[in-house]
Protein chains: 2
Amino acid sequence: MSSSVPRPADPATAESPPRQAQVISIRDLKSHCSSCTMRELCLPVGLAPDDLKLLDTVVGSRVRLKKGESLYRAGESFAALYAVRLGTLKTTVLAEDGREQVAGYHLLGDIVGLDGLGTERHGCEVVALEDSEVCTIPFENLEELARRIPPLQHNLHQFLAREISRDHSVMLLLGSMRAEERLATFLLNLSDRYRRRGYSSTEFVLRMTREEIGSYLGLKLETVSRLFSRFQDEGLLKVSGRNVKLTDLPALKQIVGQRG
Amino acid sequence: MSSSVPRPADPATAESPPRQAQVISIRDLKSHCSSCTMRELCLPVGLAPDDLKLLDTVVGSRVRLKKGESLYRAGESFAALYAVRLGTLKTTVLAEDGREQVAGYHLLGDIVGLDGLGTERHGCEVVALEDSEVCTIPFENLEELARRIPPLQHNLHQFLAREISRDHSVMLLLGSMRAEERLATFLLNLSDRYRRRGYSSTEFVLRMTREEIGSYLGLKLETVSRLFSRFQDEGLLKVSGRNVKLTDLPALKQIVGQRG
DNA sequence: GAGATACCTTGATGGAAGTCAAATCTTACC
DNA sequence: GGTAAGATTTGACTTCCATCAAGGTATCTC
């Protein structure tokens, strides 16, 4: 157990490579929901054009993260939500006793940063799994705007509630599924999310390690690795390192729905 | 095992026992947050007296539930949140394949009904574990009021976010704890919640079966039963059916924090 | 209050996933 | 581009919890 924590420390030789979240404050780079290709997957869903423009005024600077960098850490004070514009991130929950677990993976269009709203202080850490970029949405501004735009208010509430439903699904997975069902569910979930973003639903690159997958699924990395091998032997998929090709979606679905 | 259980059981012989939620619409029985003893644990926390009065106008009828009755079922359309005024309830998540799992237990002051907000349709079932009573809070009214009372809006958001944090803790429990740690965590959590409500933190009656506890903790009922016996043998608690007396809180806490 | 039903306890046994270990492959970094 | 660190695979063995089973206790119903 060396450092499982991605230390912000790195040599920093010639030019200063950012080891901390780099804020882009140049006006030209300011995010605009009204022109964002992700708006149909993000908070603005279904908003009227005029309301969208108002939302533009609320969304703050973009933040770039290099692979391994954290957007925020446990203990930091909560101030904003973040919409993923590019890349992949993970949320890690940290218990007092040092135990930690991946609580979720975030693709573009997803919103992160909710943990912390409850206590004004983040209880999780969010880390980029590849070079990523997020839009900052200062929460006070969002609340203020939500008071003026009922549909936005409702979107926000629905978003929070869907997060809860999603967590319930994970609890069901962790509490009642066998290892193979868990991994199949995980892969099908990723598949579906890529599909809805216009990417291939059958061929993609895993941005997380076997250990991170295991952490999310309540399994050990060896178990995850063995399952990938077994699924491949059974013709369900082809795997080569982080590259995955799902070759039999129906069979994967059948694994999930096996026992009631 | 003498039954010293103070059953809430009341005969209810003569009048027809309702098996569906009974709505009390008599005006005199209307709930009033401003005079409710639970307001410091519930949504109104910290609201100004005038705002509390406004909240009174939003809270609708009370609903009485007999043990075993459901407040709502999966598939029903979502319209309101419910504040527990009396009794204990459980939320059960239902998967498409018939699998189900207890997602939470609710004591007085707790708010239930969030599932369904995301999709406008409930994805869970809420059932009374003993005779209970809840206040109905029509969600549209609450949203409307939240737009006018920023502190209430913020309370609502915090409440939703805390629900998410709570779920993260359960995910951590299900994903990384051993059986004994799970049960100890469960008992300590109950203990703490009773304490904050002014009840004994060391002696209480479990309102759920071993199977329901197991469902919540991702364990089988036999395992839960064996653990109770073992904890008793080890002097951590005394158990007789549903009556529990925690006799060594520090030791229970130590079980939880064992490995990092 | 008797019988039926649901709930709880305890034992014996098996299996799924964890642990430990070592070899191979990949990636990151000077 | 070479080397070190990290990630992945696979095997052998162990452990914890599930499963099956049976008897006991509490609770509900008529």
Side-chain angles (χ1 to χ4, degrees), chain A residues 1-7 9-14 17 19 66-69 129-131 173-183 205-215 217-233 238-244 255 258-259, chain B residues 1-13 17 19 66-68 129-131 174-183 205-215 217-233 238-244 255 258-259:
Chain A
M1 237 152 276
S2 51
S3 62
S4 56
V5 188
R7 287 176 301 137
D10 76 329
T13 46
R19 75 286 298 272
K66 286 233 157 257
K67 180 176 175 176
E69 285 179 349
L129 296 178
E130 60 182 322
D131 293 5
L173 177 144
L174 292 172
S176 73
M177 290 187 181
R178 290 159 4 102
E180 55 174 26
E181 295 181 87
R182 297 186 199 188
L183 186 61
V205 178
L206 299 169
R207 302 274 121 154
M208 62 296 282
T209 66
R210 301 286 189 262
E211 184 169 19
E212 285 166 333
I213 295 173
S215 172
L217 299 177
L219 302 171
K220 291 294 160 188
L221 67 96
E222 295 94 332
T223 304
V224 174
S225 179
R226 272 185 247 273
L227 283 169
F228 270 121
S229 301
R230 217 183 77 204
F231 282 178
Q232 179 162 252
D233 290 347
K238 285 191 175 151
V239 61
S240 168
R242 308 248 178 129
N243 297 288
V244 176
I255 285 182
Q258 250 157 18
R259 70 193 201 168
Chain B
M1 271 143 247
S2 57
S3 69
S4 57
V5 192
R7 286 178 301 141
D10 71 328
T13 42
R19 72 280 299 275
K66 286 233 156 256
K67 179 175 177 178
L129 295 178
E130 60 181 321
D131 293 3
L174 293 171
S176 74
M177 289 188 182
R178 293 161 1 107
E180 55 173 25
E181 294 181 87
R182 298 186 197 186
L183 186 61
V205 178
L206 299 169
R207 309 256 85 131
M208 61 294 283
T209 66
R210 301 287 190 261
E211 185 168 21
E212 286 166 333
I213 296 174
S215 172
L217 299 177
L219 303 171
K220 290 296 161 189
L221 68 97
E222 294 95 330
T223 304
V224 174
S225 180
R226 271 185 247 276
L227 283 169
F228 270 122
S229 301
R230 216 182 80 204
F231 282 179
Q232 179 163 251
D233 290 348
K238 286 195 174 146
V239 61
S240 167
R242 307 244 178 130
N243 296 286
V244 176
I255 285 183
Q258 248 155 19
R259 68 194 202 169

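This structure is a prediction, so every number in the text was calculated from the model and none was measured. Reminder, nothing fancy here: chain letters follow the sequence lines and each chain counts from 1.
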Take A:Arg242 and A:Thr209 through the side-chain contact (heavy atoms from CB on, under 4.5 Å) test and state the conclusion after the steps.
CA-CA 8 Å; A:Arg242 308 248 178 129; A:Thr209 66; 3.3 Å; yes
Once you apply a heavy-atom cut-off of 4.0 Å, does B:Thr209 come out as touching a base, just sugar-phosphate, or nothing?
sugar-phosphate
Looking at B:Leu183, B:Thr223, B:Asp233, which hits side-chain contact (heavy atoms from CB on, under 4.5 Å) with B:Phe228?
B:Leu183
Would you please test B:Leu221 and B:Glu212 for side-chain contact (heavy atoms from CB on, under 4.5 Å) and show each step?
CA-CA 8 Å; B:Leu221 68 97; B:Glu212 286 166 333; over 6 Å; no
Think A:Arg242 has a side-chain N or O under 4.0 angstrom from the OP1 or OP2 of C:dT27?
no
Terminal axes of the helix from C:dG1-D:dC30 to C:dC30-D:dG1 (5 end pairs apiece), angle rounded to 10 degrees, sit apart by 60°
Short side-chain N/O contact from B:Lys67 to OP1 or OP2 of D:dT27, under 4.0 Å:
no
Of the nucleotides D:dC17, D:dT10, D:dT19, which has the atom closest to the B:Ala179 side chain?
D:dC17
A:Glu180 or A:Glu222, whichever maps to the more 5' nucleotide of DNA chain C:
A:Glu180
Which residue lies more 5' along DNA chain C, comparing A:Leu227 with B:Arg210 via nearest heavy atoms
B:Arg210
Between P of D:dA18 and CZ of B:Arg182, the distance in whole Å
8 Å
Rounded distance (Å) that lies between atom C1' of D:dG6 and atom CE of A:Met208:
18 Å
Result for salt bridge (Lys or Arg N to Asp or Glu O under 4.0 Å) between A:Asp131 and one of A:Lys67, A:Lys66, A:Arg207 points to A:Lys66
Any side-chain heavy-atom pair from A:Leu173 and A:Leu217 closer than 4.5 angstrom?
yes
What is the distance from CD of A:Glu130 to C1' of C:dA28, rounded to the nearest Å?
17 Å
Take atom CE of A:Met177 and atom C1' of D:dA18, then tell me their distance rounded to the nearest Å.
18 Å
Could you check whether B:Leu221 gets within reach of a base, just the sugar-phosphate, or nothing at all, counting any heavy atom under 4.0 Å?
base
Whole-Å distance, A:Lys220 NZ to D:dT9 P, equals 17 Å
What is the distance from CG of A:Asn243 to C1' of D:dT8, rounded to the nearest Å?
14 Å
Less than 3.5 Å between a donor and an acceptor, one on the side chain of A:Arg226 and one on the base of C:dG18, is that the case here?
no
What nucleic acid atoms does B:Gly218 come within less than 4.0 Å of, heavy atoms only: base, sugar-phosphate, or nothing?
sugar-phosphate
Does a side-chain N or O of B:Ser229 approach OP1 or OP2 of C:dT10 to a distance below 4.0 Å, or not?
yes
Residues B:Arg178 and B:Glu180 bridged, charged N to O under 4.0 Å
yes
Whole Å only: how far is the CG atom of A:Leu217 from the C1' atom of C:dA17?
13 Å
Is there a side-chain contact between B:Thr223 and the phosphate of D:dA18, meaning an N or O under 4.0 Å from OP1 or OP2?
yes
To the nearest angstrom, how far is A:Leu183 atom CG from C:dA16 atom C1'?
15 Å
Is any side-chain N or O of B:Arg178 closer than 4.0 Å to OP1 or OP2 of D:dC17?
no
Point-to-point distance, once rounded to the nearest 0.5 Å, from CG of A:Asn243 to NZ of A:Lys238
13.0 Å
Name the one of A:Arg182, A:Arg210, A:Glu211 that satisfies side-chain contact (heavy atoms from CB on, under 4.5 Å) with A:Val224?
A:Arg210
